[in-house]
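In listed order, ligands and their atoms are each counted from 1.
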Amino acid sequence: MLSRFFSYYKPHKKLFILDFSSAVVVALLELAFPLAVSWFIDSLLPTGNWSTIVSVSVGLFLVYLMSTFLQYIVTYWGHKLGTNIETDMRGQLFEHVQKQSFSFFDNTKTGHIMSRITNDLFDIGELAHHGPEDLFIAVMTFIGAFWIMVTINVQLALVTILVLPLLALVMTFCNIKMNKAWKRMYGEIADVNARVEDSVSGVRVVQSFTNEKFENERFRENNGKFRKAKIAGYRIMALTGSSIYMMTRFIILTVLIYGAWLSFTGRLSYGELVGFVLYVNVLFKPVDKISSLMELYPKGMAGFKRFIELLDSEPEIKDIKEAVEVETLRGDIALKNVDFSYDGKHPVLNGVNLNIHAGETVAFVGPSGAGKTTICSLIPRFYDVEGGTITIDGIDVRHMTKHSLRAQIGIVQQDVFLFTGTLRENIAYGKLDATEEEIREAARNAHLEEFIESLPDGYDTQIGQRGLKLSGGQKQRLAIARMFLKNPPILILDEATSALDTETELIIQEALNKLAENRTTLIIAHRLATIRNADRIVVVTKDGIAEEGGHDELIEQGGIFANLHRVQYQR
Ligand code: ADP
Ligand code: MG
C-alpha cells in the first residue's frame with residue numbers, strides 16, 4: 001500500500017526534493033537555536049562586550065531571514081506537491097470510472113462515486129505533503145535534540161526520556177481509535193452524497209408527490225449520522241491532543257525543578273538550564289508532529305484505501321489482447337443460443353437465436369420486461385453474453401475492440417441525456433470534430449433547425465442542467481441529430497418515440513425513417529403504428545422469441561402479435 005502511495009511522487013520528484021531539503025534545513029536551524037542561546041548567556045553576556053553582541057545579533061537576523069524564506073518554500077511548494085498528487089489521483093480515478101461497465105453503475109450509487117472522486121482525496125494531499133517530510137524531520141530533530149541534551153546533562157536527559165514510552169502508548173491507542181472514526185466518517189459522507197444526488201436528480205418526482213418532508217427526514221438521518229461520526233473523530237482527536245499537552249507540561253515542570261536543584265548544587269549553569277528547557281520544547285515538537293501525523297495518516301490512508309479499491313476494480317467488459325479494430329461494418333447481426341442474466345441467477349435470455357441482415361429494419365415488440373432492451377444492450381457489449389455468441393459480419397463482438405465496435409452502433413433511447421452546455425455542443429456530441437456545416441445539416445435532417453433558428457441565441461443557446469428547457473420531442477430530435485453526425489451503420493431505437501404524443505411522434509418518425517435509411521435498424525416500440533414499415537417483426541416474451549415475420553404475415557397467423565394489434569386498433 002505504501003509503495004503504491006509513494007509511486008505518486010515520481011512525476012513531482014523535483015518539487016519533493018526542493019520542499020524536503022528546505023524543511024530539513026529549517027529543522028536543523030531550529031535544532032541549533034537553544035545551543036546559541038545557551039552560549040549567549042554563559043559565554044557572551046559575562047564579557048560585557050557590546051559590539052560582539054550586536055554583530056552576533058546581526059548574524060542571527062540573517063539566519064532568521066534565510067529560515068523565513070525556506071519556510072515560505074516549505075509551505076507553498078510543499079502544499080503544491082500535495083495538491084499535484086491529489087489532482088493526479090483524482091484524474092486517474094475519473095478516467096477509471098469512465099471505463100467501468102454498465103454492471104458497475106447498476107450496482108454503485110452515483111453519490112458514492114462522487115464521494116470517492118472528491119472527498120476521499122481531500123486529506124491525501126495533506127498527507128502526501130506532510131507525511132514523509134514530517135516523519136523524517138521528527139526523527140532527525142528527536143535524535144539531535146536528545147543527543148545534545150545528553151551532552152548538556154545526562155541525568156536531566158534521562159528524566160526527560162522516562163515519560164516518553166507512556167506518551168507513545170497513549171498515542172498508539174488514540175491512533176487506532178482515530179483510524180476507525182475517520183473511516184466511519186468517510187462512509188457516512190458518501191451516504192450523504194448519495195442522498196443529495198438522489199433527491200436532486202429526482203426532485204421532480206419528489207415535488208410531484210410532495211414528499212419533500214420525507215426527503216428532508218431521510219436526509220436529516222444521514223446528515224445526523226455523518227455529524228455523529230465526525231464529532232466522534234474530533235473527540236478522540238481532542239483527547240489525544242490534551243493528553244499529549246498535559247504530559248509535555250509535566251515533563252517541563254519536572255525538568256525545571258530538577259534542573260533548579262542541579263544548578264543550586266553547582267552542577268548546571270544558568271545558560272545550560274535555559275538551553276535545556278528550550279531543548280525539551282524542541283524535543284516535543286517531533287512528538288507533536290507525529291501526533292498530528294497520526295491524525296493525518298489514518299484519515300489520508302482511509303481515503304487512499306478507498307481510492308485504490310475503486311482503482312483496482314477491473315471493468316468487466318474489456319478488450320481481449322487479440323481484439324481487432326473493425327472498420328465500417330455492413331451490419332449482419334447474428335445471435336446464436338444467447339443466454340444472459342444480470343445477476344447470474346435469474347436468466348433474462350435463454351437460448352435466443354436471431355439473424356438480422358445488413359440494411360434490414362427489424363422491430364421488437366412484446367410485454368415490458370421481456371428482454372427487448374437487454375437484447376439491444378448485448379450487441380454493443382454493454383454487457384457480455386453468458387452463453388452463446390453474438391456476431392456482426394461474422395465476427396464475435398468480443399473479438400472487436402470496444403471502441404471500434406461502439407463506433408459502429410448508434411442508440412436512441414426514450415430518455416435523452418443532454419449535457420450542460422450549448423445546443424451546438426450537444427449535437428456535436430455525436431461527432432466531436434464536426435464542422436459547423438455538418439452540425440447544421442444534422443439539425444436539418446432531424447427537423448430541429450427551424451426550432452433552433454427561432455431561438456434568440458440559436459445554436460449558442462445554453463441548455464439548462466440536463467436540458468430541461470427542451471420538450472420531450474425536441475430532446476428526441478436532438479438525439480437524432482447526434483445520430484446523423486455519428487452516422488453508424490447499425491442503429492438501435494429503444495422506445496425512442498414512446499413518450500411522445502402521437503402528433504409529435506409523426507414528425508419525429510419522419511426524421512427517424514430518414515435516419516434508418518441504408519442502416520441496419522433495430523426498433524423497439526410499443527405503438528404498432530411506429531413499426532408498420534419494418535421489414536420484419538420479432539415478438540419477444542418472457543420465454544424468448546415467440547413469433548417472427550412480416551406485419552401482414554403475423555396478423556394472418558393470429559398469434560400474439562395479431563392479438564396486440566387487435567387490442568391497439570379496436571377501442
Ligand atoms: P424490456 O426492454 O423488454 O422491457 P428489459 O430488457 O429492460 O425488458 O428487461 C428484461 C429483464 O431484465 C426485466 O426482468 C428487468 O427487470 C431485468 N433488468 C433490466 N435491466 C436490468 C439491470 N440493469 N439490472 C438487473 N436487471 C435488469
Ligand atoms: Mg426496454
Side-chain angles (χ1 to χ4, degrees), residues 97 99-113 194 197-198 201-202 313 315-317 333 335 337-354 356 361-388 390 397 402 406 409-417 472 475-476 479 483 490-500 505 508 512 521-531 534 536-548 554 559-561 563-565 567-568:
V97 168
K99 272 191 274 185
Q100 292 296 327
S101 312
F102 278 30
S103 56
F104 170 84
F105 296 100
D106 289 344
N107 298 312
T108 317
K109 287 187 186 154
T110 315
H112 283 181
I113 298 173
E197 145 78 20
D198 254 18
S201 29
S313 63
E316 248 168 66
I317 311 256
I333 303 170
L335 282 74
N337 287 318
V338 168
D339 299 329
F340 178 76
S341 72
Y342 284 97
D343 53 6
K345 282 185 280 221
H346 306 88
V348 176
L349 303 178
N350 222 329
V352 169
N353 286 295
L354 184 67
I356 299 168
T361 296
V362 176
F364 293 81
V365 294
S368 113
K372 304 179 296 290
T373 299
T374 304
I375 291 175
C376 291
S377 303
L378 294 176
I379 297 170
R381 259 193 105 197
F382 290 141
Y383 300 89
D384 267 343
V385 296
E386 278 170 3
I390 294 181
V397 289
K402 242 178 7 178
R406 290 179 187 170
I409 302 171
I411 302 174
V412 182
Q413 284 163 315
Q414 190 171 334
D415 291 323
V416 178
F417 189 91
K475 281 201 250 184
Q476 217 43 262
M483 268 328 131
I490 298 167
L491 188 63
I492 294 171
L493 308 174
D494 189 350
E495 307 204 6
T497 56
S498 294
L500 306 176
E505 187 185 357
I508 290 176
L512 280 176
T521 309
L522 286 69
I523 304 180
I524 301 174
H526 272 314
R527 277 189 221 128
L528 301 185
T530 317
I531 57 169
R536 191 150 47 109
I537 291 164
V538 174
V539 181
V540 185
T541 66
K542 285 213 157 55
D543 305 318
I545 293 176
E547 292 172 13
E548 215 183 314
L554 286 183
I560 301 169
F561 182 77
N563 219 357
L564 277 176
H565 195 267
V567 173
Q568 276 197 18

Quiz item: Any idea how many protein N, O or S atoms are nearer than 2.8 Å to the Mg ion (ligand 2)?
Solution: 1
Quiz item: What is the distance from atom CD1 of I523 to atom CD1 of I492, rounded to the nearest 0.5 Å?
Solution: 11.5 Å
Self-check item: Closest non-hydrogen atom pair, D384 against R381
Solution: OD1-NE, 2.8 Å
Quiz item: Of the listed options (Y342, F105, F102), which comes nearest to atom 18 (N) of ligand 1 when hydrogens are ignored and any heavy atom counts?
Solution: Y342
Exercise. List the closest protein heavy-atom neighbour of atom 23 (N) of ligand 1: residue, atom name, distance to the nearest 0.1 Å.
Key: D106 OD2, 3.0 Å
Quiz item: For atom 8 (O) of ligand 1, which protein heavy atom lies nearest, and how many Å away is it?
Solution: G371 N, 3.2 Å
Quiz item: Side chains of S341 and E386: do they bring a donor and an acceptor to under 3.5 Å?
Solution: yes
Quiz item: What are the two closest non-hydrogen atoms of H526 and G366, and how far apart are they?
Solution: CE1-O, 4.5 Å
Quiz item: So, for A496 and V412, which heavy atoms are closest and what is the spacing to 0.1 Å?
Solution: CB-CG1, 3.8 Å
Exercise. Please work out which of the three classes, parallel, tilted or perpendicular, describes the rings of F340 and Y342, given edges at 30° and 60°.
Key: perpendicular
Practice problem: Just need the protein heavy atom nearest to atom 10 (C) of ligand 1, so name the residue and atom and give the distance. | Solution: G369 O, 3.4 Å
Quiz item: Looking at ligand 1, does Y383 have a heavy atom less than 4.0 Å from it?
Solution: yes
Self-check item: Under-4.0 Å protein heavy-atom contact, atom 16 (O) of ligand 1
Solution: no
Self-check item: Distance (rounded to the nearest 0.5 Å) between I113 CD1 and F104 CZ
Solution: 4.5 Å
Self-check item: Identity and separation of the nearest protein heavy atom to atom 5 (P) of ligand 1
Solution: T374 OG1, 3.5 Å
Quiz item: To the nearest 0.5 Å, how far apart are CD1 in I508 and NZ in K475?
Solution: 12.0 Å
Self-check item: Short N or O distance, V348 and ligand 1, threshold 3.5 Å exclusive
Solution: no
Quiz item: Going by the angle between their ring planes, with limits at 30° and 60°, are F102 and Y383 parallel, tilted or perpendicular?
Solution: perpendicular
Practice problem: Kindly write out the residues that satisfy salt bridge (Lys or Arg N to Asp or Glu O under 4.0 Å) with E548, not counting sequence neighbours, or none if the list is empty. | Solution: R536
Quiz prompt | Non-hydrogen protein atom less than 4.0 angstrom from atom 25 (C) of ligand 1 | solution = yes
Self-check item: Minimum-distance pair of heavy atoms, taken over all atoms of S101 and I317
Solution: OG-N, 2.9 Å
Quiz item: Does any N/O atom on T373 come nearer than 3.5 Å to any N/O atom on ligand 1?
Solution: yes
